[in-house]
Structure formats: structure tokens, C-alpha cells
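As the structure is a prediction and not an experimental result, all values here were calculated from the model. Here is how names work: the chains are called A, B, and so on, in the same order as the sequence lines, proteins then strands, and each is numbered from 1.
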Amino acid sequence: MDRIARTITPVAPFDFELTAGYLTYFQGRYATDSLVDGVYRRLLDMDGQLVLASVSSVGSLEAPELIVELQGEGLTPAVAEVATNKVAWLLGSEQKLEPFYVLAQSDPAMAAITQRFHGLHMPHTDSVFEALVLAILGQQIATNVARIIRTLLIETYGPRRTIDGEIYYAFPRPETLAALRVEDLRGMKLSQRKAEYVHGIAYTALDDPEFIEGLHSLEDEAVVRKITSLRGVGNWTAQWLLIRALGRPDALPLGDLALRRVVSRLYFQDEPQNDAQVEEFCRRWSPYRTYATTYMFTAMRTGMA
DNA sequence: ACCCAGGCATTGG
DNA sequence: CCAATGCATGGG
């Protein structure tokens with residue numbers, strides 16, 4: 001087992017615990033990710049080579065610095081370089097939040113939220129495929145149910161590695177999910193329809209990887225047009241893809257019940273708002289609607305809204 | 001026993 | 001083009 005250490009210098013302000021904890025808020029784990037005793041861990045699947053990244057903070061909010069310890073068989077400096085870049089991406093460390101914070105000052109509620117969660121960056125998924133499958137799994141079910149299903153899928157079909165007596169999982173590969181029968185996915189507590197969606201997306205990702213992973217080079221609108229042609233992917237899923245997989249700052253997941261609720265709670269005295277009203281209202285945060293959405297969800301999750 | 005929860009595709013008007 | 005409906009699971 002080879003080990004290499006690297007550092008990452010995120011764009012300030014960067015709150016490591018808040019950002020790494022965004023995914024792992026439930027018992028410090030999210031199937032593929034963990035945050036225990038200030039160390040964020042994730043098993044990276046790099047062209048079939050499994051590398052465990054262990055990340056800890058040695059800096060501060062305004063002068064952030066992260067230590068990334070990598071371990072795996074045949075770990076070379078070149079591989080470590082790619083792995084470090086992946087970790088930087090996973091933690092959204094390049095995001096510049098200041099312009100959004102300035103915009104948030106024009107609104108007392110958002111100003112309070114951004115102050116409370118100062119330095120929270122938006123975590124990203126490793127691949128577009130991962131974000132797509134996770135979004136399908138999360139459609140129209142309670143987050144708790146979604147978590148159970150997600151964990152089951154990852155721990156059943158994800159590549160794994162035992163290190164120091166602990167099992168780590170990477171997200172299942174397209175070829176693995178594409179090779180399954182729909183009944184196998186139904187065994188993962190997916191509905192017939194979702195099992196078909198996931199299978200179809202895995203098949204597409206395997207058959208035409210560029211269709212999925214090539215979305216990085218397209219404009220937001222083109223991404224939405226292209227990805228919603230897949231069965232199981234509507235606007236809500238496309239917007240989450242822009243946020244979670246592509247790191248776009250101005251996405252807005254209209255149709256999201258939680259978004260409607262949190263906007264109505266924070267700005268309309270709990271008076272229910274429909275999608276058109278939410279869209280109209282959220283214009284004030286463009287071109288940073290991704291950040292506004294994520295911060296509102298975080299506020300809601302922690303009982304602040 | 002019900003009802004609902006961070007949607008989508010299909011169908012019927 | 002828009003509204004209604006089935007889908008599956010687990011928690012309240």
C-alpha cells in the first residue's frame with residue numbers, strides 16, 4: 001500500500017466541517033462519504049484504481065488549507081495529482097462565495113443565513129452519472145427513505161475496499177448497473193419505473209459516456225435540453241444535476257416541494273407558493289440561485305427555517 | 001389504518 | 001396545451 005500526502009488551498013472563506021458535513025450530516029456518513037473526528041474520507045474510483053482520500057483541515061475559515069492523505073496500491077505521483085484535484089472538486093473548494101454574500105446583504109433573511117453558514121461551499125459529485133442516479137433515487141420520496149435505498153444500492157453494487165479494518169465504498173459503476181436486470185434493481189427497493197430509469201441511464205452512460213460526462217462543456221440551457229431527453233429526467237433532476245454534478249452557480253430546482261416550503265416560510269409568512277411564484281421571487285438571487293437554494297435548504301435542515 | 005414525502009411519464013380532456 | 005393519475009417505500 002502506497003501513501004502520498006498533498007495539500008489543497010480552497011478559496012476563502014471555506015468552512016471545512018460545514019462543507020464536508022453537508023453530505024454526511026446524518027450520523028457522519030453518506031454511504032460513500034464519512035466525516036469522523038474532523039477527517040473526511042472518500043474512496044475514489046479512478047479508472048478502476050481505488051484510492052482512499054482522508055482529508056483534514058489545518059487552516060482557518062479565512063486562510064483555509066487542507067491536507068489530503070492518499071492511499072492505494074500502486075499509487076504514483078501522477079495518480080495522486082488527479083486524486084487531489086478530485087477531492088478539491090468534491091468539496092467545491094474553488095467556489096467564490098463573496099459575490100453571493102454581497103447580494104445576500106440586500107435581504108435580511110438571506111443575510112442572516114449566509115452569516116450563520118459563512119464558508120459553506122457546495123459539495124459536488126464525482127461523476128455526472130452518480131448525480132443522475134442519486135437524483136432519480138431521491139425523486140418524490142422522503143429523504144430518509146431515499147437514504148436507505150441509496151445506501152443499499154451503494155453497499156450492494158459499489159466497488160469496495162477494506163482499509164485498517166474499515167470498509168469503504170465508491171459509487172457503483174455504469175457497467176455494473178447496466179449489467180443488472182431490472183428485477184435486481186427492484187430488489188434495491190426501487191419502484192418498477194425507477195428501476196427502469198436507472199437501468200436505462202446506466203446503459204446510456206456505458207454505451208455513450210460522452211453523452212453524460214460531456215455535459216461539462218455545455219451551457220446550462222443546453223444541458224437541460226439534452227439530459228431531459230433521457231427517460232426519468234425532468235427539469236427538477238436536470239437542475240439538481242447542474243448543482244451537484246456540474247457546479248453551476250445559477251440553477252433553480254423548480255418543482256421541489258421543500259424549495260416551495262422554505263421560500264413560503266422565510267418570505268411569505270408560510271403562505272403557500274407555487275412554482276411560478278417561487279421562480280419570480282428567486283430572480284433576486286440570480287446569478288447565484290444555486291447558492292441561495294443550498295443555503296436555504298441548509299437553514300431548513302438545521303431548524304433555522 | 002391512513003397519508004405524505006426534495007417527480008416523472010402517461011393519459012384523457 | 002394543461003390537469004389528473006399511478007408508482008413504491010418507510011415514517012408519522
Side-chain angles (χ1 to χ4, degrees), chain A residues 21-27 30-31 113 117 120 122-125 130-156 180-204 223-246 248 251-268 270 272-279 281-282 285 289-305:
Chain A
Y22 183 81
L23 292 178
T24 60
Y25 70 97
F26 184 78
Q27 297 181 348
Y30 180 94
I113 293 171
F117 300 106
L120 168 67
M122 321 305 128
H124 298 138
T125 56
E130 176 182 337
L132 257 181
V133 173
L134 289 175
I136 300 284
L137 261 51
Q139 286 169 1
Q140 178 60 20
I141 57 174
T143 50
N144 285 343
V145 180
R147 188 182 61 244
I148 290 165
I149 293 174
R150 184 175 67 213
T151 303
L152 183 60
L153 181 75
I154 291 169
E155 295 190 352
T156 304
L180 298 178
R181 298 166 305 161
V182 170
E183 304 97 85
D184 298 325
L185 289 165
R186 298 228 37 197
M188 298 289 99
K189 305 187 178 186
L190 291 175
S191 64
Q192 175 68 27
R193 216 172 253 188
K194 284 188 183 177
E196 291 169 8
Y197 296 165
V198 168
H199 191 263
I201 285 167
Y203 180 80
T204 301
V223 170
V224 174
R225 256 204 318 278
K226 194 164 178 188
I227 205 71
T228 53
S229 70
L230 292 177
R231 211 162 161 263
V233 181
N235 182 61
W236 180 88
T237 301
Q239 296 296 319
W240 274 110
L241 205 74
L242 291 173
I243 294 171
R244 296 277 292 125
L246 302 177
R248 306 298 166 87
L252 183 67
L254 287 178
D256 191 310
L257 292 181
L259 176 64
R260 285 166 50 179
R261 271 208 310 272
V262 73
V263 168
S264 76
R265 181 167 312 174
L266 287 171
Y267 296 99
F268 295 94
D270 268 337
Q273 302 294 302
N274 62 33
D275 283 337
Q277 292 167 312
V278 169
E279 182 173 30
F281 184 77
C282 289
W285 294 314
R289 291 178 296 180
T290 292
Y291 299 158
T293 301
T294 307
Y295 273 71
M296 284 193 293
F297 280 149
T298 304
M300 188 171 60
R301 194 189 270 175
T302 59
M304 188 176 171

Engineer: B:dA5, B:dG6, C:dC7: which one has an atom nearest the side-chain heavy atoms of A:S191?
Structural biologist: C:dC7
Engineer: Could you check whether A:L257 gets within reach of a base, just the sugar-phosphate, or nothing at all, counting any heavy atom under 4.0 Å?
Structural biologist: sugar-phosphate
Engineer: At what distance, to the nearest 0.5 angstrom, does CG of A:L230 lie from CG of A:L132?
Structural biologist: 6.5 Å
Engineer: Counting only side-chain heavy atoms from C-beta out, which of B:dG6, B:dG7, C:dA8 sits nearest to A:Q192?
Structural biologist: C:dA8
Engineer: For the pair made of CD1 in A:I141 and P in C:dT9, what is the distance, rounded to whole Å?
Structural biologist: 10 Å
Engineer: Using a 4.5 Å cut-off on heavy atoms from C-beta on, say whether the side chain of A:V133 contacts that of A:L153.
Structural biologist: yes
Engineer: Mind checking the CD1-NZ spacing from A:I141 to A:K194? Nearest 0.5 Å is all I need.
Structural biologist: 4.0 Å
Engineer: Does any N or O in the side chain of A:R260 come within less than 3.5 Å of the main-chain N or O of A:Q273, such that one atom is a donor and the other an acceptor?
Structural biologist: yes
Engineer: Could you check whether atom OH of A:Y267 has more than 12 heavy atoms from other residues, nucleotides or ligands sitting under 6.0 Å from it?
Structural biologist: yes
Engineer: Could you work out the separation of C:dA8 and B:dT11 based on their P atoms and round it to a whole Å?
Structural biologist: 15 Å
Engineer: For B:dG6 and A:R260 - does any side-chain N or O of the residue sit under 4.0 Å from the phosphate oxygens OP1/OP2?
Structural biologist: no
Engineer: May I ask you to evaluate whether A:K194 reaches the phosphate of C:dA8, defined as a side-chain N or O under 4.0 Å from OP1 or OP2?
Structural biologist: no
Engineer: Expected output is a numbered-order residue list: members of residues 144-153 of chain A with a heavy atom under 4.0 Å from any atom of DNA chain B. What is it?
Structural biologist: none
Engineer: Can you give each donor-acceptor pair under 3.5 Å made by side-chain atoms of residues 294-305 of chain A, sequence neighbours left out, with the distance rounded to 0.1 Å?
Structural biologist:
from	atom 1	to	atom 2	distance (Å)
A:T294	OG1	A:T290	O	2.8
A:Y295	OH	A:Y101	OH	2.7
A:Y295	OH	A:F117	O	3.4
A:Y295	OH	A:L120	N	3.3
A:Y295	OH	A:L120	O	2.7
A:T298	OG1	A:T294	O	2.8
A:R301	NH1	A:Y22	O	3.0
A:T302	OG1	A:T298	O	3.1
A:T302	OG1	A:A299	O	3.1

Engineer: Grab the CG-P distance between A:L190 and C:dA8 for me, whole Å please.
Structural biologist: 10 Å
Engineer: For the P atoms, the ones on B:dG6 and on C:dA3, what distance do you get once it is rounded to whole angstrom?
Structural biologist: 23 Å
Engineer: Nearest-Å distance, CG (A:L134) to P (B:dG6)?
Structural biologist: 17 Å
Engineer: To the nearest 0.5 Å, how far apart are CD in A:Q139 and CG in A:L134?
Structural biologist: 11.5 Å
Engineer: Between B:dC4 atom C1' and A:R261 atom CZ, what is the distance in whole Å?
Structural biologist: 10 Å
Engineer: Expressed as a whole number of angstroms, how long is the span from A:D275:CG to B:dG7:P?
Structural biologist: 10 Å
Engineer: If you take all heavy atoms of A:I149 and A:K189, which pair is closest and at what distance?
Structural biologist: CD1-O, 3.6 Å
Engineer: Could you run down the sub-3.5 Å N/O contacts of the protein with nucleotides 8-10 of chain B?
Structural biologist:
from	atom 1	to	atom 2	distance (Å)
B:dC8	OP1	A:G234	N	2.9
B:dC8	OP1	A:T237	N	3.2
B:dC8	OP1	A:T237	OG1	2.8
B:dC8	O2	A:R193	NH1	3.3
B:dA9	OP1	A:G232	N	2.6

Engineer: Separation of A:L137 atom CG from C:dG10 atom P, in whole Å?
Structural biologist: 13 Å
Engineer: Can you measure A:I136 atom CD1 to B:dG6 atom C1' for me and round it to whole angstrom units?
Structural biologist: 14 Å
Engineer: Between A:T237 and A:I227, does a side chain to side chain contact (heavy atoms under 4.5 Å, CB included) hold up when you go through it step by step?
Structural biologist: CA-CA 9 Å; A:T237 301; A:I227 205 71; over 6 Å; no
Engineer: Does A:W236 offer a backbone N or O that forms a donor-acceptor pair with the side chain of A:Q239 under 3.5 Å?
Structural biologist: no
Engineer: A:E196 has an atom CD; how far is it from atom C1' of C:dA8, in whole Å?
Structural biologist: 13 Å
